[in-house]
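Since the model is a prediction, treat every value here as computed from it, not as a measurement. So that the names make sense, note that chain A is the first sequence line, chain B the second, and so on, each numbered from 1.
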Amino acid sequence: MIDMLNAEMITGFQEHLLHWYRKNHRDLPWRRTSNPYYIWVSEVMLQQTQVDTVIPYYEEFISRFPTMHELARAPQEEVLKRWEGLGYYSRARNLQSGVQEVVEKYNAKVPENKKDLLSVKGVGPYTAGAILSIAYQKPEPAVDGNVMRVLSRIFLIDEDITKVKTRQTFETILYDLIPEMEASAFNQALMEIGALICKPKGPICEECPLAHLCRSKAEGTQLHYPVKKKKMKPKDEAFVAVVLKDTQEKLLIQKRPEKGLLANFWEFPLLEMSDTQEDPLKVVKSYFNKKNHDLIIEWTKSEQTVTHTFSHLKWHVNIVVGTLREGTLNLGKMSQWISEKALKEYPFPVPQQKVMSIVGIDY
DNA sequence: AATACGTGGCA
DNA sequence: TTGCCAAGTAT
């Protein structure tokens, strides 16, 4: 690789890429600012998430938390509510705690040096590089999936891009390629090429400003790159969601643990089933009977079931609706009765929203 | 180094 | 329906 990176080639790469970018880049909300906090928010939202999905979330998030101070002092519940539906919710929790850290430790000034920036919660090598280059014009690489796809095709790099270490290979090349004075446009241009031209399935090489430099194009092997290990199939898990009402039409909900999957989100109590064959109604009755013998609950099983696929899990959620006629539940700190109307104020993950939709709860 | 961590779009 | 894909980070 290094042998191709002579000065002439580097200059050509930069010129063609930047010229194309100036002419063809999209007008995105976060491209209208250089406020490091706004760049930060956008970069975190864009992690593993497509631009079209992010735009409305970004607008609302910035409008509700226009400065780091407002995000820092907001209740986590509300931050999660603003993130609801975006996925990878640890991003939201880490962003808020990262912002709190910057407010307290750096007097609300996003660090301009890589070491301090990387120490901030939720800021990894990509996000640090993006903030440094886009907000502060520093010549630092920002290697995401787009950049790895584009460069792997141009330079025939066949390292497995699912391995974290592979990122460093691309960073090394980029330190030679980044123009000292236009790191922001350069980094965004590389990602923009990846998103609009050098697409995973159907690259539009006829429109690519770098096509004349592209070794995979010369060979006709564009689709062999990037090299990527196949993903594992999501593991099946079965549950019963218990939608329990009391005589005043209030619903029982509980908060998920503060770590792990869907941390700190609310849900209808979820009972684990050993296998998909089990009778949901039986599981629920036995659970509440063990808990308290004096309860009188009318149960109805829903015939419909929710399936929801995460990156690594596939949930099969049976649904049982119950009305509590007599008796009192001993509620822990993580459970409470709330009105259907109040549900809207609480963050619920998508699988729970699907349950609501099936049992006719307006959310 | 390998795995956990969400969701929606599309072929 | 299934599989792949999208501006990664924490542990």
**Request:** Evaluate the ring planes of A/His16 and A/His212, with Trp represented by its six-membered ring, and classify them as parallel (under 30°), tilted (30 to 60°) or perpendicular (over 60°).
**Result:** perpendicular
**P gap between B/dC5 and C/dA6, integer Å** = 23 Å
**Message:** Could you check whether A/Glu84 pairs with A/Lys81 (Lys NZ or Arg NE/NH1/NH2 to Asp/Glu carboxylate O, under 4.0 Å)?
**Reply:** yes
**Asked** Do A/Lys255 and A/Glu258 meet the salt-bridge criterion of a basic N to acidic O distance under 4.0 Å?
**Response** no
**Message:** For A/Lys229 and A/Arg91, find the nucleotide of DNA chain B closest to each by heavy atoms; which residue's nucleotide sits nearer the 5' end?
**Reply:** A/Lys229
**Asked** How would you label the contact of A/Pro234 with the nucleic acid (heavy atoms, under 4.0 Å): base, sugar-phosphate, or nothing?
**Response** nothing
**Request:** Tell me what A/Arg149 touches on the nucleic acid: a base, only sugar-phosphate, or nothing, going by heavy atoms under 4.0 Å.
**Result:** sugar-phosphate
**Asked** A/Asp52 has an atom CG; how far is it from atom P of C/dC5, in whole Å?
**Response** 19 Å
**Request:** Return yes if a side-chain donor-acceptor contact under 3.5 Å exists between A/Glu70 and A/Thr67, otherwise no.
**Result:** yes
**Prompt:** Nearest-Å distance, CG (A/Asn187) to P (C/dG8)?
**Reply:** 13 Å
**Request:** Would you mind reading off the distance between A/Lys230 atom NZ and C/dT2 atom C1', rounded to a whole angstrom?
**Result:** 14 Å
**Message:** What's A/Leu86 touching, base or sugar-phosphate or nothing? Going by heavy atoms closer than 4.0 Å.
**Reply:** base
**Prompt:** Taking atom C1' of C/dG8 as reference, at what distance in whole Å does atom CZ of A/Phe170 sit?
**Reply:** 15 Å
**Prompt:** Please walk me through it: do A/Arg31 and A/Glu192 pass salt bridge (Lys or Arg N to Asp or Glu O under 4.0 Å)?
**Reply:** CA-CA 12 Å; A/Arg31 287 186 174 154; A/Glu192 197 79 336; 3.0 Å; yes
**Interface with DNA chain B, restricted to residues 114-127 of chain A and to heavy atoms under 4.0 Å** = none
**Complete:** Its 5'-most and 3'-most nucleotides having an atom under 4.0 Å from a non-hydrogen atom of chain A, DNA chain B is contacted over B/dA1 to B/dG8
**Asked** What's the closest nucleotide to the A/Asn94 side chain, out of C/dA10, C/dG8, C/dC5?
**Response** C/dA10
**Fill in**
Judged by nearest nucleotide, the residue sitting upstream toward the 5' end of DNA chain B, A/Lys354 or A/Gly260, is A/Gly260
**Message:** Quick one about A/His308 and A/Lys314 (side-chain donor to acceptor, distance below 3.5 Å, no hydrogens or angles considered), yes or no?
**Reply:** no
**Message:** If you assign A/Gly194 and A/Lys314 each to the DNA chain C nucleotide with the nearest heavy atom, which residue ends up on the more 5' nucleotide?
**Reply:** A/Lys314
**Asked** Is there side-chain contact between A/His25 and A/Trp20, with heavy atoms separated by less than 4.5 Å?
**Response** no
**Prompt:** NA contact type, A/Thr53, heavy-atom cut-off 4.0 Å: base, sugar-phosphate, or nothing?
**Reply:** nothing
**Request:** Give A/Leu190 one of three labels, base, sugar-phosphate or nothing, depending on what nucleic acid heavy atoms sit under 4.0 Å from its own.
**Result:** nothing
**Request:** Report yes if at least one side-chain N or O of A/Lys163 is closer than 4.0 Å to OP1 or OP2 of C/dG8; otherwise report no.
**Result:** no
**Item:** Aromatic ring pairing A/Phe348/A/Tyr363, orientation class (parallel under 30°, perpendicular over 60°, tilted between)
**Value:** perpendicular
**Message:** If I take atom NZ in residue A/Lys228 and atom P in nucleotide C/dC4, what distance separates them, rounded to the nearest angstrom?
**Reply:** 10 Å
**Message:** Regarding A/Arg256, tell me which of base, sugar-phosphate or nothing describes its non-hydrogen contacts under 4.0 Å with the strands shown.
**Reply:** nothing
**Request:** Decide, yes or no, whether a salt bridge links A/Glu182 with A/Arg22 under the criterion of side-chain N to carboxylate O below 4.0 Å.
**Result:** yes
**Request:** Determine, for A/Lys121 against A/Glu101, whether the closest basic-nitrogen to carboxylate-oxygen distance falls under 4.0 angstrom.
**Result:** no
**Request:** Take atom CG of A/Asp236 and atom C1' of C/dT2, then tell me their distance rounded to the nearest Å.
**Result:** 13 Å
**Fill in**
Which of C/dG8, C/dG3, C/dA6 is nearest the side chain of A/Lys233? It is C/dG3
**Asked** Which whole number of Å gives the distance between the P atom of B/dG8 and that of C/dT9?
**Response** 22 Å
**Request:** Provide, to the nearest angstrom, the distance between the NE2 atom belonging to A/His308 and the C1' atom belonging to C/dT1.
**Result:** 16 Å
**Complete:** Between CH2 of A/Trp83 and C1' of C/dT9 the distance, given in whole Å, is 12 Å
**Item:** Rounded C1' spacing from C/dC4 to B/dG6 in Å
**Value:** 15 Å
**Message:** Does a side-chain N or O of A/Gln48 approach OP1 or OP2 of C/dG8 to a distance below 4.0 Å, or not?
**Reply:** yes
**Message:** Using a heavy-atom cut-off of 4.0 Å across all strands, would you classify A/Lys231 as base, sugar-phosphate, or nothing?
**Reply:** base
**Asked** Do NZ/NE/NH1/NH2 and the carboxylate oxygens of A/Asp362 and A/Lys344 come within less than 4.0 Å?
**Response** yes
